Number of protein chains: 2
Amino acid sequence: MSRLKQITEAVRDAGSLGVADLASLTGASEMTIRRDLEILAAQGVLERYRGGARSLLLRGSEPPFALRSDDNTAAKRRIAAAVAALIADGESVVLDSGTTCLEVARLLHDRRLTVMPLSLHAVNALSSSSTLTLLVPGGRPRPGELALTGPLTLASLQSLRFDTAVIGCCGLSAEHGLTAFDLEDAAVKRAAITSARRVIAAVDASKLTRTALAHVAAVSSLDAVVTDAESAEGLAAAGVAVVTA
Amino acid sequence: MSRLKQITEAVRDAGSLGVADLASLTGASEMTIRRDLEILAAQGVLERYRGGARSLLLRGSEPPFALRSDDNTAAKRRIAAAVAALIADGESVVLDSGTTCLEVARLLHDRRLTVMPLSLHAVNALSSSSTLTLLVPGGRPRPGELALTGPLTLASLQSLRFDTAVIGCCGLSAEHGLTAFDLEDAAVKRAAITSARRVIAAVDASKLTRTALAHVAAVSSLDAVVTDAESAEGLAAAGVAVVTA
DNA sequence: CGTGATTGAACAACAGTGATGTTCGAAACT
DNA sequence: AGTTTCGAACATCACTGTTGTTCAATCACG
């Protein structure tokens, strides 16, 4: 586990912690801790005060992108591979934001497709491809996440029709459907689902036990769920094709 | 001068050249030349054949972004600084593609502005800013240049009104006005100019002696021209404020 | 179909970059 | 005023990316 994540979690659990505490916890020098705190403060994870830092992470919010990106990479890669296998050459695809979908983007780099990613991370991963047609939606990128949101994004989606939408999410359950932490993100995901003929959700096991604030769509609007969890009976019962990666 | 640019120009001037020729010309090993040719072929600069490469650069087209980006940096920085000085805090700015405008983007990173860049390079340069409101236009990024073009870009521009447009160009003269190499780019530039109250052109001296294929706008639609050239009387006579950086 | 030239994969050497620790003067809190 | 904390500057180290070398495979041409 990276030191930044270790610090983030320690500060979150304790509410606030001193620089010396974090130095002895991580084994790094105090100077390094200060540099880390500066980075994390810039990401909005915590707030510095003289001698230490206090957490800014609310319950029900998400740790920032940079800290999630190398979480569970093995599972994400497996899920992403299964999603990529469901997509046929020549299709047009709208690709949601988030770390799992970013892995999907990497696997699509050399395919022959039309792709509209909903985050700048995925745009960057794909912008060097010479085989696919890359479409960038308009919008305001949320800091860190770089997920595109707002009226420009919605307008871009509404003017197009895709074969497939690949949606990541923060929570998924048969009862509450697809949920997201961010309200604007939820609106974008909804627009992406509406503009696609087929909807694939890419969901790692941890998401199946969680429900986030904003409702995106009912399970019935999904065509397939790709997951690494074995226990997805609830979803299968709701009439969705469950693909286990 | 970088070896890649040296190779590009040598091959362009000779039409085609052998690997051994390029190795002795640059002083690098043949293996390195082969690796360079692979890179340049991927950029569409040239075409490889067994034993050498032949140029694909047409007269009237532009060398790719990666090769222009560290050309004349000193002049570009000066021009960019003068442009940035013309922009007041709180303004909304649409920022054209190209290497000069990318320098402007870098200088705007910590300002309090609303900025819509027309190339992904500038988007990336600005996406880590916490002070400015970044708007991404939709569109299809042109390979290498990463300039956004197409109907999505035009729609994004048409739905907004900016205080200032900062336009780079490929050619500028009192007689032929502002010109660009790429037709789609020209349409985007035109839309940017239309959607802004004030138009600033950022033009290094080499552009003032050139005219490119696509007409963008007459000199009279510009409010100011920022350049490093001394001899801009023609433009001043046409009624434009000329700022010498 | 053979022969010589060309290619690219694999490895080694090297330089440039980024991360970490240490020191020390300046700033901040008590 | 005294103590603590902070961050700039420099040294060190690991790592990454670039270059060169070697060699087996491939290609073009006679």
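Note that the structure is predicted; figures quoted are calculated from it, not measured. Reminder, nothing fancy here: chain letters follow the sequence lines and each chain counts from 1.
- With sequence neighbours excluded, the residues forming a salt bridge (Lys or Arg N to Asp or Glu O under 4.0 Å) with B:E47 are B:R54, listed by chain and number.
- Direction of the helix axis in the helix from C:dC1-D:dG30 to C:dT30-D:dA1 shifts by 40° between the two five-pair termini, rounded to 10°.
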May I have the list of side-chain donor-acceptor pairs in residues 112-123 of chain B shorter than 3.5 Å, sequence neighbours left out?
residue: B:S119; atom: OG; partner: B:H121; partner atom: N; Å: 3.2
residue: B:S119; atom: OG; partner: B:A122; partner atom: N; Å: 3.3
residue: B:H121; atom: NE2; partner: B:G144; partner atom: O; Å: 3.0

What donor-acceptor contacts under 3.5 angstrom involve side-chain atoms of residues 30-46 of chain B, with partners at least two apart or in another chain?
residue: B:E30; atom: OE1; partner: B:R34; partner atom: NH2; Å: 3.3
residue: B:T32; atom: OG1; partner: B:S29; partner atom: OG; Å: 3.1
residue: B:D36; atom: OD1; partner: B:R3; partner atom: NH2; Å: 3.3
residue: B:D36; atom: OD2; partner: B:R3; partner atom: NE; Å: 2.5
residue: B:D36; atom: OD2; partner: B:R3; partner atom: NH2; Å: 3.1

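- Protein chain B contacts DNA chain C from C:dA5 to C:dA9, reading 5' to 3' and using non-hydrogen atoms of the protein with a distance under 4.0 Å.
- Qualifying side chain to side chain donor-acceptor pair (under 3.5 Å) partners for A:D71, counting only residues two or more places apart in sequence or in other chains: A:K5.
- The ring-ring contact (aromatic ring centres under 6.0 Å, His included) analysis of residues 83-114 of chain A, with sequence neighbours excluded, yields no pairs.
- For residues 76-85 of chain A, every residue pair satisfying the side-chain hydrogen bond (donor to acceptor under 3.5 Å, both in side chains) rule, not counting sequence neighbours, is listed here: A:K76-A:T99, A:R77-A:E103.
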N/O donor-acceptor pairs under 3.5 Å from side chains in residues 11-20 of chain B, not counting sequence neighbours:
none

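- B:D163 meets the salt bridge (Lys or Arg N to Asp or Glu O under 4.0 Å) test with B:R197; sequence neighbours excluded.
- Residues A:T26 and A:Q6 bring no donor and acceptor atom of their side chains to less than 3.5 Å of each other.
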Check: Where along nucleotides 13-28 of chain D does protein come under 4.0 Å, by heavy atom, of base (B) or sugar-phosphate alone (S), with - for untouched nucleotides?
Finding: ------BBB----BBS

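- For A:D21, the salt bridge (Lys or Arg N to Asp or Glu O under 4.0 Å) criterion is met by no residue, not counting sequence neighbours.
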